[in-house]
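Following: one structure in structure tokens, then a few remarks.
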Amino acid sequence: MLDPESYLASRVHQIDASGIRRVFDLAAKLDNPINLSIGQPHFDVPDAAKHAAIQAIEQGFNRYTQTQGVANLIARINTDTAKQYPGTLGAADRAQLAEGFQTLITSGVSGGLMLMLLACCNPGDDVLIPDPYFVMYRHLVTLAGGNPVYVDTYPDFQLTPERVERAITPKSKLLLFSSPSNPTGVVLTEDNAKALASLAAKRGLLLASDEIYDQFCYDGPCPSVARHTDRVILLRGFSKTYAMTGWRLGYATGPRAIIEQMTKLQQYSFVCAPSMTQAAGVAALDVDMQPYVDEYRQRRDHVAQRLLEAGYNLTTPGGAFYAFPEVPQHLGITASQFAERTVKQGVLLIPGSVFSNRDTHFRISYACGPEQLEAGLDVLANLGKGA
């Protein structure tokens with residue numbers, strides 16, 4: 001009799017099924033749950049992007065593109081990047097940037113992360129990631145053969161150079177982080193961005209800056225390490241800003257030698273990002289999404305106020321659309337146990353153990369319908385008081 005288990009590679013047993021996916025599965029079994037777990041905007045893709053994709057399909061733009069992506073999308077991203085970070089790249093590299101050698105269009109930021117780790121991580125290399133972290137990070141590091149090494153950022157979730165330096169090992173090669181952060185919503189400060197750039201140069205680290213939420217930065221322009229160093233792979237995408245989560249479109253910008261190897265790996269894996277999606281991306285970049293950002297800023301303020309008034313310990317998020325409050329200690333339970341209680345009241349959230357070595361906090365997303373959000377906050381307020 002066939003034993004399928006005997007054919008599986010050992011790497012698959014080193015990876016757990018996503019705790020977020022388990023919540024999604026649970027949601028499918030509940031009638032009209034209050035879903036504060038999902039990390040995607042409540043608004044729809046801009047019409048301009050939809051129309052551009054439809055037009056591309058109807059005009060036959062349905063075949064493979066060049067592996068690195070279509071020229072007009074690359075050129076637009078390069079121009080915008082050069083304006084944002086004029087000091088990041090040397091003069092020679094800026095000349096190459098204009099020719100499109102510095103940017104790779106990827107199948108979402110997730111695709112870019114995988115390609116970056118496969119290109120840069122040797123078996124046994126240590127990859128530093130902050131704790132809490134985006135759930136995918138440690139598993140992608142494992143797939144690449146590396147060892148995730150955690151940088152404890154509790155209680156304020158700031159990625160400081162002092163915290164990173166304490167975690168550096170002789171095998172440390174790369175620091176991978178997101179800002180604004182998923183799950184905490186905390187934004188890297190400009191001082192810490194500059195200091196991390198200096199630390200990377202001193203300790204020989206490559207920085208991988210996941211900035212998928214860069215437009216959702218509520219208290220000023222979003223700081224980036226790319227403003228202070230060329231020792232960085234900048235990863236951004238269209239999923240959050242333009243609600244294009246299912247369209248799988250992102251990009252990676254960085255040193256030519258690394259991007260070229262990522263492009264080669266994409267040739268033998270993803271092949272290219274979807275053609276019609278790239279056409280939509282060009283159109284999306286001209287859409288003003290500020291009204292939605294302003295709405296989410298108001299939501300951030302409201303969520304923080306409600307949770308703090310209910311007695312939760314919360315580091316107020318500066319970006320993204322998540323809050324990461326601590327389970328009230330007087331309840332005497334873990335975040336996983338707290339999540340079980342919320343499920344019984346029809347509210348879905350993500351326990352902190354999905355994102356962390358601790359199980360003390362939980363993530364809620366306020367990128368849902370306003371009625372759902374308010375109903376969920378009512379439940380959390382009652383539970384926080386022990387009701």
Side-chain angles (χ1 to χ4, degrees), residues 14-16 18-20 113 117 121 124-142 144 146-200 202-211 213 223-225 232 307 312-320 322-329 333-339 349-364:
Q14 298 174 325
I15 298 173
D16 299 326
S18 167
I20 297 177
L113 286 166
L117 286 167
C121 186
D125 284 344
D126 287 344
V127 177
L128 301 167
I129 60 176
D131 183 351
Y133 49 83
F134 175 47
V135 61
M136 191 176 289
Y137 289 172
R138 69 184 183 99
H139 297 305
L140 289 180
V141 171
T142 299
N147 305 311
V149 174
Y150 302 101
V151 179
D152 189 341
T153 66
Y154 288 86
D156 61 357
F157 310 123
Q158 266 296 332
L159 189 63
T160 67
E162 294 79 15
R163 288 168 173 170
V164 173
E165 184 135 38
R166 285 195 294 268
I168 292 176
T169 73
K171 294 183 178 180
S172 296
K173 190 173 190 178
L174 191 149
L175 171 63
L176 168 60
F177 61 96
S178 62
S179 177
S181 166
N182 179 2
T184 67
V186 169
V187 176
L188 191 70
T189 67
E190 192 68 56
D191 286 345
N192 283 335
K194 186 174 183 179
L196 286 174
S198 297
L199 177 64
K202 181 177 77 172
R203 300 302 298 268
L205 293 174
L206 177 66
L207 302 175
S209 185
D210 177 353
E211 300 182 10
Y213 297 97
S224 173
V225 292
V232 60
L307 291 174
Y312 287 91
N313 182 21
L314 172 71
T315 297
T316 300
Y322 307 109
F324 199 63
E326 184 177 13
V327 175
Q329 294 185 7
I333 58 176
T334 66
S336 295
Q337 292 168 329
F338 183 80
L349 48 80
I350 311 293
S353 59
V354 171
F355 309 99
S356 174
N357 291 313
R358 303 192 192 189
D359 196 16
T360 55
H361 293 60
F362 60 93
R363 190 193 80 174
I364 66 169

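When reading the values below, keep in mind they use all heavy atoms of this one structure, side chains included, and skip hydrogens, waters and symmetry mates.
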**Study point:** Sub-4.5 Å side-chain heavy-atom contact between Leu175 and Val127
**Key:** no

**Study point:** Val327 vs Thr360 side-chain heavy atoms within contact, under 4.5 Å
**Key:** no

Exercise for review: May I ask you to decide whether Asp131 forms a salt bridge with Arg163, counting only side-chain N to carboxylate O separations under 4.0 Å?
Suggested key: no

Review point. Taking atom CG of Leu314 and atom CD1 of Ile364, what is their separation to the nearest 0.5 Å?
Key: 8.0 Å

Practice item. Using the test salt bridge (charged side-chain N to carboxylate O under 4.0 Å, His left out), find all partners of Asp191 that sit at least two apart in sequence or belong to another chain. Key: none

Exercise for review: Tell me whether the centres of the aromatic rings in Phe362 and Phe324 are closer together than 6.0 Å.
Suggested key: no

Point to revise | Side-chain heavy atoms of Pro223 within contact of Val187, under 4.5 Å | key: yes

Exercise for review: Taking the side chain as every heavy atom from C-beta outward, state whether Leu159 and Val151 have any atom pair closer than 4.5 Å.
Suggested key: yes

Point to revise | Heavy-atom pair with the smallest gap, counting every atom of Cys121 and Gly146 | key: SG-CA, 3.6 Å

**Study point:** Validation row: Thr334, Pro351 side chains within 4.5 angstrom (heavy atoms)
**Key:** no

Check your understanding: Are side-chain N/O atoms of Asp126 and Ser172 paired as donor and acceptor at under 3.5 Å?
Key -> no

Revision key, fill the gap. Output for pair (Leu206 CG, Asp125 CG), nearest 0.5 Å, gives 11.0 Å

Point to revise | Minimum-distance pair of heavy atoms, taken over all atoms of Val225 and Ala193 | key: CG1-O, 3.7 Å

Revision key, fill the gap. Sequence neighbours excluded, the answer for ring-ring contact (aromatic ring centres under 6.0 Å, His included) partners of Tyr322 is Tyr213

**Study point:** Partners meeting ring-ring contact (aromatic ring centres under 6.0 Å, His included) with Tyr150 (sequence neighbours left out)
**Key:** Tyr133

Exercise for review: Kindly compute the distance separating CG (Leu128) from CG (Leu207), expressed to the nearest 0.5 Å.
Suggested key: 10.0 Å

Practice item. Give a yes or no answer on whether the side chain of Glu165 reaches the backbone of Glu162 with a donor-acceptor pair at less than 3.5 Å. Key: no

Exercise for review: Could you give me the CA-CA distance, side-chain angles and deciding distance for Arg138 and Ile129, then say whether side chain to side chain contact (heavy atoms under 4.5 Å, CB included) is met?
Suggested key: CA-CA 8 Å; Arg138 69 184 183 99; Ile129 60 176; 4.0 Å; yes

Check your understanding: Is the ring centre of Tyr154 less than 6.0 Å from the ring centre of His361?
Key -> yes

Check your understanding: Is there a donor-acceptor contact under 3.5 Å from the side chain of Ser356 to the main chain of Gly352?
Key -> no

**Study point:** Note, Ser224 side chain near Glu211 side chain (heavy atom, < 4.5 Å)
**Key:** yes

Point to revise | Heavy-atom closest contact (Pro180 atom, Gly185 atom, distance) | key: CB-O, 4.4 Å

Check your understanding: Do the side chain of Asn182 and the main chain of Phe134 share a donor and acceptor less than 3.5 angstrom apart?
Key -> no

Point to revise | Closest approach of Gly124 to Asn147 (non-hydrogen atoms, all atoms of both residues) | key: O-ND2, 3.3 Å

Practice item. Determine whether Val164 and Leu196 make a side-chain contact, defined as any pair of heavy atoms from C-beta on separated by less than 4.5 Å. Key: yes

Revision key, fill the gap. Between Leu117 and Val141, the two heavy atoms sitting closest are CD1-N, 3.9 Å

Review point. Do Pro148 and Thr142 touch side chain to side chain, with heavy atoms closer than 4.5 Å?
Key: yes

Review point. Do you know which of Thr153, Thr315, Asn192 makes side chain to side chain donor-acceptor pair (under 3.5 Å) with Gln158?
Key: Asn192

**Study point:** Nearest atoms (heavy-atom pairs only) where Arg358 meets Asp152
**Key:** NH2-OD2, 2.9 Å

Point to revise | Heavy atoms of other groups near Lys173 NZ, more than 12 under 6.0 Å | key: yes

Exercise for review: Indicate yes or no for a side-chain donor-acceptor contact from Ser179 to the backbone of Ser181 under 3.5 Å, with no hydrogens or angles considered.
Suggested key: no

